[in-house]
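Written below as structure tokens is the structure these notes are about.
Every number for a ligand or one of its atoms is a count from 1 in the order of the listing.
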Amino acid sequence: MSEVLSTPKKTENLVEVHQLKKYFPVQKSFLDQFLAGRVDYVRAVDGVSFTIRRGEAFGLAGESGSGKSTIGRLVIGLEKPTAGQVLFDGIDLASLDAESLRRLRARMQVIFQDPMASLNPRMSLGEAVMAGLKIHFPESADSHRETAMKVMERVGLTPPQFFFNKFPHQISGGQRQRVVIARALVTHPELVLADEPIAMADVSVRALLLDLMVQLKREYNLTYLFITHDLATAKYICDRIGILYLGKLVEVGELREVYAHPLHPYTQALMAAVPVPNPHERRTMPMPEGEIPNPIHPPSGCRFHPRCPYARAECSTVEPEQRELRPGHWVACHFAEQFMG
Ligand code: SF4
């Protein structure tokens with residue numbers, strides 16, 4: 001098993017996700033549960049399938065509550081699915097015991113949204129960057145410091161000696177995010193889950209961080225699962241994109257294709273909400289009104305129907321299947337043909 005975990009098999013798809021579901025039980029008092037006579041579940045992810053090709057940046061985009069961060073945690077094995085399957089390089093994560101999963105994780109790393117929360121305030125930056133090396137490569141302890149310094153320098157923490165013994169509160173937010181990126185890269189992972197990686201960074205450094213992530217992807221031959229609520233950010237970095245709504249994928253395709261020909265009304269609305277420099281540029285559709293519905297009792301049929309301006313009777317009763325309407329471009333909408341240019 002150890003050989004399987006440490007030696008990439010080079011499958012075409014680094015990640016395959018099949019009919020993934022994650023339901024969280026709603027916390028209730030014993031009395032409330034007794035009176036209700038049942039356990040309610042938040043259907044955070046409800047039957048999602050996609051692949052991530054080796055070397056690509058695959059984006060998952062949607063509003064808060066769409067399930068994108070939960071999918072990210074499922075893909076790297078931080079959560080166990082309620083149903084469905086995640087394959088990493090052909091290995092079914094559910095088939096691994098805790099120790100095997102821990103070793104496989106050397107090949108996948110995470111960049112979380114909030115660097116302050118994901119860094120230990122009592123651990124120096126150098127120690128934080130070396131932490132993954134200590135866990136996954138204890139046999140090469142002599143070179144950990146040098147390896148960490150090199151990565152810190154590469155992500156722009158220069159000179160690395162200046163930063164090595166500092167603590168998270170002594171540096172800026174942008175520098176903290178660079179530390180988190182260095183910590184993710186130091187084990188030379190294949191997959192990086194980037195969960196809203198620039199959302200908390202100052203506007204002035206966001207473009208620099210994105211630029212850095214694009215360069216590092218090339219240099220380190222990385223595959224990204226890039227999670228964002230912001231389609232403008234996704235456009236900068238992603239090769240393909242999946243649009244999520246209330247735990248379901250509603251549209252998937254090459255990023256350029258989906259941006260040029262959005263077929264699902266929800267994607268069209270998200271795209272219309274992206275700020276554009278030209279105030280005279282026409283919007284095709286306003287962002288739908290109302291909140292994303294309750295994931296404990298999602299709407300029947302198409303989950304978007306209560307907010308969709310094109311909804312018809314069928315939409316509230318029949319769930320739309322994913323259909324490939326243009327090459328490599330899949331959409332789950334009964335009437336998407338009508339939105340094709
Ligand atoms: Fe709108 Fe109906 Fe298409 Fe759903 S299936 S997006 S409700 S038109």
Side-chain angles (χ1 to χ4, degrees), residues 17-23 41-51 58-71 83-84 227-232 234-235 238 240-276 282-341:
V17 170
H18 300 294
Q19 284 302 315
L20 198 61
K21 294 186 181 182
K22 181 66 184 179
Y23 295 175
Y41 291 90
V42 173
R43 299 171 184 213
V45 181
D46 207 2
V48 166
S49 301
F50 62 89
T51 57
F58 182 78
L60 279 178
E63 291 168 282
S64 171
S66 59
K68 52 192 188 303
S69 291
T70 304
I71 292 175
I227 287 171
T228 183
H229 67 283
D230 175 14
L231 290 188
K235 188 175 182 182
C238 295
R240 284 192 309 134
I241 191 156
I243 308 294
L244 277 167
Y245 185 76
L246 209 58
K248 297 263 187 196
L249 262 182
V250 297
E251 189 156 7
V252 188
E254 299 289 335
L255 183 122
R256 284 185 188 178
E257 159 68 22
V258 172
Y259 277 48
H261 307 284
L263 296 177
H264 196 282
Y266 179 58
T267 312
Q268 292 174 357
L270 282 182
M271 292 198 52
V274 175
V276 288
R282 272 190 53 211
R283 301 293 196 189
T284 52
M285 181 179 161
M287 195 62 188
E289 289 182 5
E291 297 284 307
I292 195 164
N294 185 343
I296 301 173
H297 303 293
S300 58
C302 173
R303 291 187 175 187
F304 190 54
H305 84 258
R307 300 172 78 191
C308 180
Y310 309 111
R312 301 179 200 170
E314 182 185 349
C315 300
S316 62
T317 54
V318 182
E319 184 175 346
E321 297 284 333
Q322 286 265 1
R323 295 178 296 138
E324 187 178 17
L325 293 191
R326 295 168 59 96
H329 186 165
W330 296 75
V331 62
C333 169
H334 296 306
F335 305 108
E337 283 87 344
Q338 296 173 17
F339 311 129
M340 291 171 76

Distance-minimising heavy-atom pair for F335 and R312: CE2-NH1, 3.3 Å
Atoms of ligand 1, numbered as shown, that sit under 4.0 Å from any heavy atom of F335: 8 (S)
Location of contacts on E314 toward ligand 1, heavy atoms closer than 4.0 Å: neither
Atom 5 (S) of ligand 1 - nearest protein heavy atom and its distance: H334 N, 3.4 Å
C308 near atom 1 (Fe) of ligand 1 via N/O/S, less than 2.8 Å: yes
Shortest non-hydrogen contact from L270 toward G62: CD1-CA, 4.5 Å
Atoms in ligand 1 flagged as close to H264, the criterion being non-hydrogen separation under 4.0 Å: 6 (S)
Presence of salt bridge, E63 and R307, under 4.0 angstrom: yes
E254, E251, R323 screened by side chain to side chain donor-acceptor pair (under 3.5 Å) with H329, the one that passes: E251
Heteroatom test (N, O or S) for C333 near atom 3 (Fe) of ligand 1, limit 2.8 Å: yes
For atom 4 (Fe) of ligand 1, the protein heavy atom that lies nearest, with its residue and separation: C302 SG, 2.4 Å
Heavy-atom closest pair, residues V250 and Y245: CG1-CB, 3.9 Å
N/O/S from C315 sitting under 2.8 Å away from atom 2 (Fe) of ligand 1: yes
Element-labelled atoms of ligand 1 that are located less than 4.0 Å from some non-hydrogen atom of P265: 6 (S)
K22 and D46 ion-paired at < 4.0 Å: no
Cation-pi geometry met for R240 and F58 (6.0 Å, 45°): no
